[in-house]
Amino acid sequence: MKKWFDEEYAWEIEVIGFLRGERTEHYCRNGEEIGDKYHCTYGCPVNQDGQGICSKAMITMFPIMEAVRSGGDLRNIGGSGKYCKDVVCPDGCVLFRMTATPLGNENFFRGRFFEAPEE
C-alpha cells in the first residue's frame with residue numbers, strides 16, 4: 001500500500017457500552033469491550049492490536065464518515081456535536097462513539113486530487 005493523500009479527518013471510534021448486559025460473549029462476534037478504541041483516516045478503523053472493527057458496524061459508520069467528509073454536521077443526524085455521534089452496531093449489541101478530528105488538509109474532490117496529473 002502506498003498512501004499518497006493526506007486525509008481531511010482522523011477518526012476515533014470508542015466502545016462506550018452494550019445494549020445487552022455487561023459483556024459481549026454470545027452477542028458480539030468481534031469481542032468488543034468497553035474502552036476499546038479504533039482509529040483511521042479513510043481506511044477501515046483498527047485498534048491498538050491491529051485488529052479491525054466489525055465489518056457490519058463499518059456498514060453503519062461509513063455513511064456517517066462520508067457526511068463529515070462532505071462538510072456535514074453530525075448534529076443534523078442526531079449527533080452530540082458537529083463531529084461526534086453515538087451509533088449502535090447492526091446486531092444491536094455494541095454502542096460506539098464516533099469522533100472526527102479535522103486535520104486541516106484539502107478536500108479530495110475540491111483539491112482535484114482525483115484527476116490524473118498532467119504529464
Side-chain angles (χ1 to χ4, degrees):
M1 184 169 144
K2 184 179 177 187
K3 183 76 172 157
W4 57 271
F5 175 72
D6 292 326
E7 296 291 337
E8 284 182 89
Y9 295 93
W11 288 89
E12 178 179 272
I13 300 164
E14 181 178 4
V15 176
I16 61 170
F18 306 128
L19 298 183
R20 299 178 186 170
E22 297 181 16
R23 59 189 176 88
T24 59
E25 285 85 357
H26 306 288
Y27 299 116
C28 173
R29 293 170 66 174
N30 218 34
E32 305 294 358
E33 297 180 285
I34 293 174
D36 285 348
K37 292 182 180 179
Y38 295 85
H39 295 89
C40 68
T41 53
Y42 187 78
C44 291
V46 295
N47 64 19
Q48 66 276 3
D49 298 323
Q51 300 297 313
I53 201 161
C54 169
S55 56
K56 287 194 271 185
M58 192 60 193
I59 289 169
T60 301
M61 295 176 183
F62 183 75
I64 295 167
M65 293 173 162
E66 286 295 278
V68 169
R69 291 181 187 117
S70 300
D73 184 329
L74 294 182
R75 293 173 290 198
N76 293 335
I77 58 170
S80 60
K82 182 174 183 176
Y83 298 121
C84 186
K85 178 162 178 52
D86 295 349
V87 297
V88 177
C89 76
D91 288 332
C93 300
V94 180
L95 182 61
F96 294 96
R97 176 162 294 141
M98 302 177 63
T99 306
T101 301
L103 299 175
N105 298 320
E106 195 167 10
N107 177 275
F108 183 76
F109 292 100
R110 288 187 178 192
R112 305 179 70 83
F113 292 100
F114 65 95
E115 296 178 354
E118 294 182 24
E119 295 182 24

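Every heavy atom of this structure was used, including side-chain atoms; hydrogens, water molecules and symmetry mates were not. Residue numbers count from 1 along this sequence.
Smallest separation of non-hydrogen atoms from Val88 and Cys93: CG1-N, 4.4 Å. Summarising the geometry of Met58 relative to Cys44, their closest heavy-atom pair is CG-SG, 4.3 Å, with the distance given to 0.1 Å. Across every non-hydrogen atom of Pro90 and Thr60, the tightest pair is CG-OG1, 3.4 Å.
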Working for side chain to side chain contact (heavy atoms under 4.5 Å, CB included), residues Glu12 and Thr101 | CA-CA 8 Å; Glu12 178 179 272; Thr101 301; over 6 Å; no

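Here salt bridge (Lys or Arg N to Asp or Glu O under 4.0 Å) pairs that include residues 43-56, with residues two or more places apart or in two chains, are Lys56-Asp91.
Annotation: side chain of Ile13 is in contact with side chain of Met65 (closest heavy-atom distance under 4.5 Å). Using a 4.5 Å cut-off on side-chain heavy atoms (C-beta onward), Phe96 and Glu32 make contact.
Listed by chain and number, the residues in a ring-ring contact (aromatic ring centres under 6.0 Å, His included) with Tyr83 are Tyr9 (sequence neighbours excluded). Applying the side chain to side chain donor-acceptor pair (under 3.5 Å) test to Asp86 and every residue at least two apart in sequence or in another chain returns Arg97. Applying the side chain to side chain donor-acceptor pair (under 3.5 Å) criterion to Asp36, with sequence neighbours excluded, gives no partner residue. Residues meeting the ring-ring contact (aromatic ring centres under 6.0 Å, His included) test with Tyr42, sequence neighbours left out: none.
In the hydrophobic clustering of this structure, Phe108 does not group with Leu103; members are Ile, Leu, Val, Met, Phe, Trp, Tyr whose side-chain heavy atoms approach within less than 4.5 Å, directly or through other members. Residues Val94 and Ile64 fall within the same hydrophobic cluster, defined by Ile, Leu, Val, Met, Phe, Trp and Tyr side chains chained together at heavy-atom separations under 4.5 Å. Follow the hydrophobic side-chain contacts under 4.5 Å out from Phe18 and you never reach Ile16; the two are in separate clusters. One hydrophobic cluster, built from ILVMFWY side chains closer than 4.5 Å, cannot hold both Leu95 and Tyr38; they sit in different ones. Under a hydrophobic-cluster definition in which Ile, Leu, Val, Met, Phe, Trp and Tyr are linked whenever side-chain heavy atoms come within less than 4.5 Å, directly or via other members, Phe5 and Phe109 are assigned to the same cluster.
Considering SG of Cys28 and CZ of Arg20, their distance stands at 10.5 Å, rounded to 0.5 Å. Atom-to-atom distance recorded for Lys37:NZ and Ile53:CD1 is 13.5 Å, nearest 0.5 angstrom.
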In residues 68-81, what donor-acceptor pairs under 3.5 Å come from side-chain atoms, sequence neighbours left out?
residue : atom : partner : partner atom : Å
Arg69   : NH1  : Glu66   : OE2          : 2.7
Arg69   : NH2  : Thr41   : O            : 2.8
Ser70   : OG   : Glu66   : O            : 2.8
Asp73   : OD1  : Arg75   : N            : 2.9
Asp73   : OD1  : Arg75   : NE           : 3.0
Asp73   : OD2  : Arg75   : NE           : 3.2
Asp73   : OD2  : Arg75   : NH2          : 2.6

